[in-house]
Amino acid sequence: MNGKRGIDLRKKFYLTTPVYYVNDVPHLGHAYTTIAADALARYKRLKGYEVLFLTGTDEHGDKINRAAKEKGITPLELADQVVSHFQNLWKKLSISNDDFIRTTESRHIQVVSKVFQRLYEQEDIYRGTYKGWYCVPCESFWLELQLRNGQLCPECGRKAEKIEEESYFFRLSRYQKPLLDHLESHPDFVLPPSRKNEVVEFVKRGLKDISITRLKLAWGIPCPVEKEHTIYVWIDALINYISALGYGVNKDKFSSFWPADVHLVGKDILRFHAIIWPALLMALGIELPQTVFAHGWWKIKGEKMSKSKKNVIDPEEVVKQHGSDQLRYFLLREVPFGGDGNFSTPLFIKRVNSDLANDLGNLLNRTIPLVVRHCGGKVPSPTDEDKTLQEKVKKILPLLDEAMNVLSFSEALSYIWEIIKSANLYIDRCAPWKLANQEDKQKRLNTVLYNLLETLRVLALLLFPFIPVSAQKIWTQLGIEEDLGSQTLDKAHVWGGLSPGTPVKKELPLFPRIKQ
RNA sequence: GGCGGUGUAGCUCAGUUGGUUAGAGCACACGGCUCAUACCCGUGGAGUCCGAGGUUCGAAUCCUCGCACCGCCA
């Protein structure tokens, strides 16, 4: 496509993580969502899509305000500190997000304000009186009958505050029927299906209008209709998905990327994304996202991670100890995406040693030296018609694609590992170290080694979404100069991408075994 | 209390519309190989498929009841 007149026909793919709340430094759950999103984004780029991968931070609200006061700094200063934690971690985890939105940025605030104004004008928002209880730590409103012992938050058990004040309400009730219709006619709108059923049941029970402003709260986006009111932090946060596209400002960008293909969320915030968010969009007359995907939680010994139980896993620490690709691989491989999983160091070590060190790392580390020793360290020319590995790859590619299209990362990885296992078996069967001793077997030896190198080339491509740093190392050891990140998967189909004569490089093992 | 889900080898789980000796990975044991990070390849053991009843020529798979665990809501 060249210049001004060309039409960009590339398919677009827009995916998001939630904006993370900056009340604390990132934990394993944040890393999980973001790594999964990254794998998907990278895969789609390999498939030739123009991808927009958005993540960011949610920085308003009472909780931030209070936390900042305790530290004697401004809320924005607090946010700045935590944001840099997030951004550093994403860097260490090779997260390839295209944009990072902070809800304190003016590009966001403008859109939120505009959205509020418009919904008020069209009477999707009205002024009323809110009577109820509010839990500051949870940022949640409760009705009296929902409270435990008359005054405790049913979610966290802490004391809720009684509130009776003027407030603006969003007419959520208006969208009950349209939402149900949409859920019915779009089976992939909420995934996995079990979560969708929960949402449907919840909506069927009836939706009530929700209070979306608070009085006397300094740290938030002011209500454009009446400046004493501040917009509720969840409404503020959700709008990031369109403010980042320049909704109402940059029409081209917005229309080319919206609707989002996937909003990735943890199961704890599904309702905001599967009910309130689509209702807001309907009110605005904007198309709904394709899919809201809710993944599960990582548990420790079957228990939910929580600071009070002191069983929180710090992703930064895991990266420091075992490496970033190792963490990415474990999280994406160990459990089917959507369900809960158990995180433990022995499980982590077992997985990394057996899959990454033994199967993949060793495959590379036994192939390259053979090439160095018997082919002068250069990619040899294949001569006979052995298609064992080529056919294996051909068989796996469509399966892999299918798995990735439904975000089945662990299944996708297990397919890739079938190729790896085939390659290990292939070496054993062909025994190139024996061929090397027979003068009349040179051609066969060359073919065998070429097929192995070529398989490794394809593996580097396929693994790039999951373990980008290591995939690049494989790529480099194969002597390929081009940038792995700018490749497309079509090349994986074409057997023979490696040019004979290219020098390979022997390096230290990709994944050192972790000692228990 | 209501709705939904799960319960299969030591561990984590697959098992399409019910159909022959119930599968995979890891772990374990034995054998092979020696290019490689004691790795890789092969073979093997082990399961009353939660329990009880029922439908059927035939059920892990369908129905009923019970038990256990989990999720959403109240």
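First the proteins, then the strands, lettered A, B, ... as listed; each starts at 1.
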Would you measure the distance from the P atom in B:C67 across to the matching atom in B:A52 and give it in whole Å? 15 Å
For the pair made of CG in A:Leu445 and P in B:C35, what is the distance, rounded to whole Å? 13 Å
For a quick test of reading the model: is some side-chain N or O of A:Arg351 closer than 4.0 Å to OP1 or OP2 of B:A27? no
Does A:Lys506 have more than 12 heavy atoms from other residues, nucleotides or ligands lying within 6.0 Å of its NZ? yes
Nucleotide nearest A:Arg195 (side chain, heavy atoms from C-beta), chosen from B:C35, B:C72, B:C26: B:C72
Could you state the NE2-P distance from A:His273 to B:C72, rounded to the nearest angstrom? 17 Å
Does A:Asp355 reach a base, just sugar-phosphate, or nothing at all? Heavy atoms under 4.0 Å. nothing
Can you measure A:Leu370 atom CG to B:C40 atom C1' for me and round it to whole angstrom units? 12 Å
Which base sits across from B:A36 as a Watson-Crick or G-U pair, both distances under 3.5 Å? none
Just how far, in rounded Å, is P of B:A38 from CG of A:Asp359? 14 Å
Inspect the contact between A:Glu507 and A:Lys473 and indicate whether a charged nitrogen and a carboxylate oxygen are less than 4.0 angstrom apart. no
A:Glu201 has a side chain; which of B:C3, B:U37, B:C35 sits nearest to it? B:C3
Determine whether more than 12 heavy atoms belonging to other residues, nucleotides or ligands lie under 6.0 Å from atom CD of A:Glu317. yes
Rounded to whole Å, please give me the gap between NZ in A:Lys421 and P in B:C41. 6 Å
Selected nucleotide, minimal atom distance to A:Trp433 side chain, candidates B:C35, B:C26, B:U37: B:C35
Using purine N1 to pyrimidine N3 plus N6-O4 or O6-N4 for Watson-Crick, or N1-O2 and O6-N3 for G-U wobble, both under 3.5 Å, which nucleotide pairs with B:A24? B:U12
Under 6.0 Å between ring centres, would you say that holds for A:Trp277 and A:Phe189? no
Just compare B:C26, B:G71, B:C40 and give me whichever is closest to any side-chain atom of A:Glu198. B:G71
C1' gap between B:U16 and B:C11, integer Å: 26 Å
Does a side-chain N-to-carboxylate-O contact under 4.0 Å join A:Arg366 and A:Asp428? yes
When both hydrogen-bonding distances must be under 3.5 Å and the geometry is Watson-Crick or G-U wobble, what is B:A74 paired with, if anything? none
Using the rule given for salt bridge (Lys or Arg N to Asp or Glu O under 4.0 Å), can you reason through A:Arg457 versus A:Glu454, listing the C-alpha separation, both sets of side-chain angles and the distance that settles it, and then say yes or no? CA-CA 5 Å; A:Arg457 182 187 69 85; A:Glu454 182 62 14; 2.6 Å; yes
Nearest to the side chain of A:Arg205, heavy atoms from C-beta on, is which of B:G2, B:C35, B:U37? B:G2
On a whole-Å scale, what distance lies between the C1' atoms belonging to B:G10 and B:C28? 9 Å
Measuring from the side chain of A:Lys267 (C-beta onward, heavy atoms only), which nucleotide among B:G71, B:C26, B:U37 has the closest atom? B:G71
Measure the acute angle between the ring planes of A:Phe348 and A:His322, then classify it against the limits of 30° and 60° as parallel, tilted or perpendicular. tilted
Between A:Asn353 and A:Phe202, just flag the one whose closest nucleotide in RNA chain B comes earlier from the 5' side. A:Asn353
By nearest heavy atom, map A:Asp428 and A:Arg366 onto RNA chain B; which one lands nearer the 5' end? A:Arg366
B:U37 C1' sits how many Å from A:Glu507 CD, rounded? 15 Å
Under 4.0 Å between any heavy atoms, over every strand shown, what does A:Pro509 touch: base, sugar-phosphate, or nothing? Just pick one. base
Gap in Å between the two P atoms, one belonging to B:G51 and one to B:G4, rounded: 24 Å
Can you tell me the Watson-Crick or wobble partner of B:C49, both distances under 3.5 angstrom? none
Tell me the partner of B:U55, counting only Watson-Crick (N1-N3 plus N6-O4 or O6-N4) or G-U wobble (N1-O2 and O6-N3) with both under 3.5 Å; none if nothing fits. none
Spacing of the P atoms in B:U48 and B:A9 (rounded, Å): 8 Å
How are the rings of A:Phe337 and A:Phe293 set relative to one another: parallel (under 30°), tilted (30 to 60°) or perpendicular (over 60°)? parallel
Could you measure between the two P atoms, the one in B:G7 and the one in B:C50, and give it in whole Å? 8 Å
Which nucleotide, B:C26, B:A36, B:C35, lies nearest any side-chain atom of A:Ile427? B:C35
Quantified in whole Å, what is the C1' atom distance between nucleotide B:U17 and nucleotide B:U21? 24 Å
Taking CD from A:Glu418 and C1' from B:A14, how many angstroms apart are they, rounded to a whole number? 13 Å
Using a 4.0 Å heavy-atom cut-off, does A:Leu363 contact any base of the nucleic acid, only the sugar-phosphate backbone, or nothing at all? nothing
Both distances under 3.5 Å, Watson-Crick or G-U wobble: report the partner of B:G31, or none. B:C41
For the P atoms, the ones on B:C26 and on B:C41, what distance do you get once it is rounded to whole angstrom? 8 Å
At under 4.0 Å, does any side-chain N or O of A:Asn197 touch on OP1 or OP2 of B:G5? no
Nearest whole angstrom, please: distance from the P of B:C72 to the CD1 of A:Ile269. 14 Å
